[in-house]
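What you are looking at is a predicted structure, and each value in this text was computed from that prediction instead of being measured. Note that these values count all heavy atoms, side chains included, but never hydrogens, waters or copies made by symmetry. We number each residue from 1, following the sequence as shown.
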Amino acid sequence: MAKKQFLNEPPTKKTYTLLLIEIVAIYFLCLAGAAYLVVHFQTPLYDSSGHPTLLIYIFEAYYYVIPLILALLFGFLFRPFWENSRNLLFIIVSFHLFYSATVIMYRSPHVDARYEELHRSRLAMLQVREVKHLLFDEDKDGFIERVAFRALVDVSEFPRGKYTIYMTLAQRGQPLPDGEIGFYEFEIAPDTQKLFYVKFATDPQKFADYFERGDLEVNLGIEKTLTITEKAAQVLKFSRWTWFPRLTRWDGQDLDLNEGYVELDLAEKAHTFYILPIKLRRPEIYFKKYVDDFPVDQNGNGKWDQLVIVFEVDSKYEGRIFIQAKVAGAPYPLYDEANVVVGINRIEYKIDSASLKEFGFEGPYELVEFQLFNEDPECKEKDCPVQIKVPFAVYFDNYKTYSYMLDQFER
């Protein structure tokens, strides 16, 4: 009976005000503490596939549900219910909106500057004055091993910033698969030379089949590197915690203030060239691309037994091949075998978990000295089968896998 009488008795104005201040202060102190811990320990709020983690749902509940619950409890404990609930909720929401408005006010000039910069960049044109190409028979065997390009470009219309000029190949207006030749990064400043040469080179063997259909076209494109100033980065640290509107994601990613690249202009068919197919020596096996990597649990015990790297080759050769690669930092290379047929082959190069355990490295793993050949590297000379076909070797670029924890692999 005494408890009911206490709940129905309104507190004094001073007690009521202090209680409101304490509740609001505790609420925002807990929020600030949680935000600090997330930033300080760089706690991921999204998983590797981009889905929100449990922490995001906790923050959303704390932002949009907990204030309502606090207001209802406050009104229930101290009557009149509606007036006290409304007052507490109004104070919390007002602080949130004041913080959001302040952050957005500081964010807006940076967004305006970014869009002004992009607008000026998109109005500019890449002027290609000339493009020349040279063919090189480096080992003097009658076959072309390298084609080099030199292009004179004018970027005087572009505002200051960081840019990349890239070259691609096309035929009859259609881009070639894997037709990227290279890229050249540069920065435009007030004292930067706006007229300069860019140089690229490639192995024409990769495009041997296309020369049977006619000329290849050279395209030159330019893209801008989007960067974030230190002041804008500081604003994003606060913008991610706004209540409404939410213009920045919980992890600090912002569509209006992001890092990345944006396409600006493409000079199509800036140059054409042709090489007689008989001048190109087609390798027995041509490496096309890396496809993916993934672990395999063969016995279903929850531990991975192998790490598999998948790549594609285009082969004129049919038979057994041997693959060798070395994990960067490991004392020796690892071997695997596979069969190929004429045409496109998708090959799996398997690394045993015991080897990774022995090396003692956490992923990601960088594979270096990656190569493929048709002679068994481990057979003794007198025991090797008679090699009817001409021996060959194909060398790949380095490859870096996804991240893996060493304790996930079986010993």
Polar side-chain atom of [X] near backbone of [Y] as donor-acceptor pair, under 3.5 Å:
X	Y	value
Q193	L195	yes
E217	G173	yes
Q171	G214	yes
H96	W243	no

Is it true that atom [atom1] of [X] has more than 12 heavy atoms of other residues, nucleotides or ligands lying nearer than 6.0 Å?
X	atom1	result
E312	CD	yes
K269	NZ	no
Y62	OH	yes
D47	CG	yes
F95	CZ	no
F90	CZ	no

Across all chains, not counting sequence neighbours, the ring-ring contact (aromatic ring centres under 6.0 Å, His included) partners of H110 are none
Run the salt-bridge test on K350 and D336 with the 4.0 Å N-O cut-off and return the result as yes or no.
yes
Can you tell me how the ring of [X] sits relative to the ring of [Y], calling it parallel under 30°, perpendicular over 60° and tilted otherwise?
X	Y	answer
F370	F311	perpendicular
F78	F74	tilted
Y210	F207	tilted
F373	F322	parallel

List the steps and the verdict of side chain to side chain donor-acceptor pair (under 3.5 Å) for Y404 and D293.
CA-CA 11 Å; Y404 299 101; D293 61 85; 2.6 Å; yes
Assess, by modelled atom type and distance only, whether the side chains of Q298 and E410 contain a donor and an acceptor separated by less than 3.5 Å.
no
Derivation and outcome, side chain to side chain donor-acceptor pair (under 3.5 Å), residues D397 and Y290
CA-CA 9 Å; D397 292 333; Y290 290 107; over 6 Å; no
Pair [X] and [Y], ring centroids less than 6.0 Å apart:
X	Y	result
Y317	F392	yes
F200	Y166	no
Y365	F359	no

So do [Y] and [X] actually touch side chain to side chain, heavy atoms under 4.5 Å?
X	Y	result
D178	K206	no
L220	M167	yes
W241	Y63	yes
I222	V153	no
R114	I228	yes
Q306	I351	no
L45	V38	yes
D297	D305	yes

Over-ring placement of R79 relative to F76, 6.0 Å and 45° cut-offs:
yes
F294/Y402 under ring-ring contact (aromatic ring centres under 6.0 Å, His included): CA gap, chis, key distance, verdict
CA-CA 8 Å; F294 55 86; Y402 297 119; 9.8 Å; no
By salt bridge (Lys or Arg N to Asp or Glu O under 4.0 Å), which residues pair with D154, not counting sequence neighbours?
R129
Please name all residues satisfying side chain to side chain contact (heavy atoms under 4.5 Å, CB included) with P52, sequence neighbours left out, ordered by chain then number.
Y46, I56, Y57
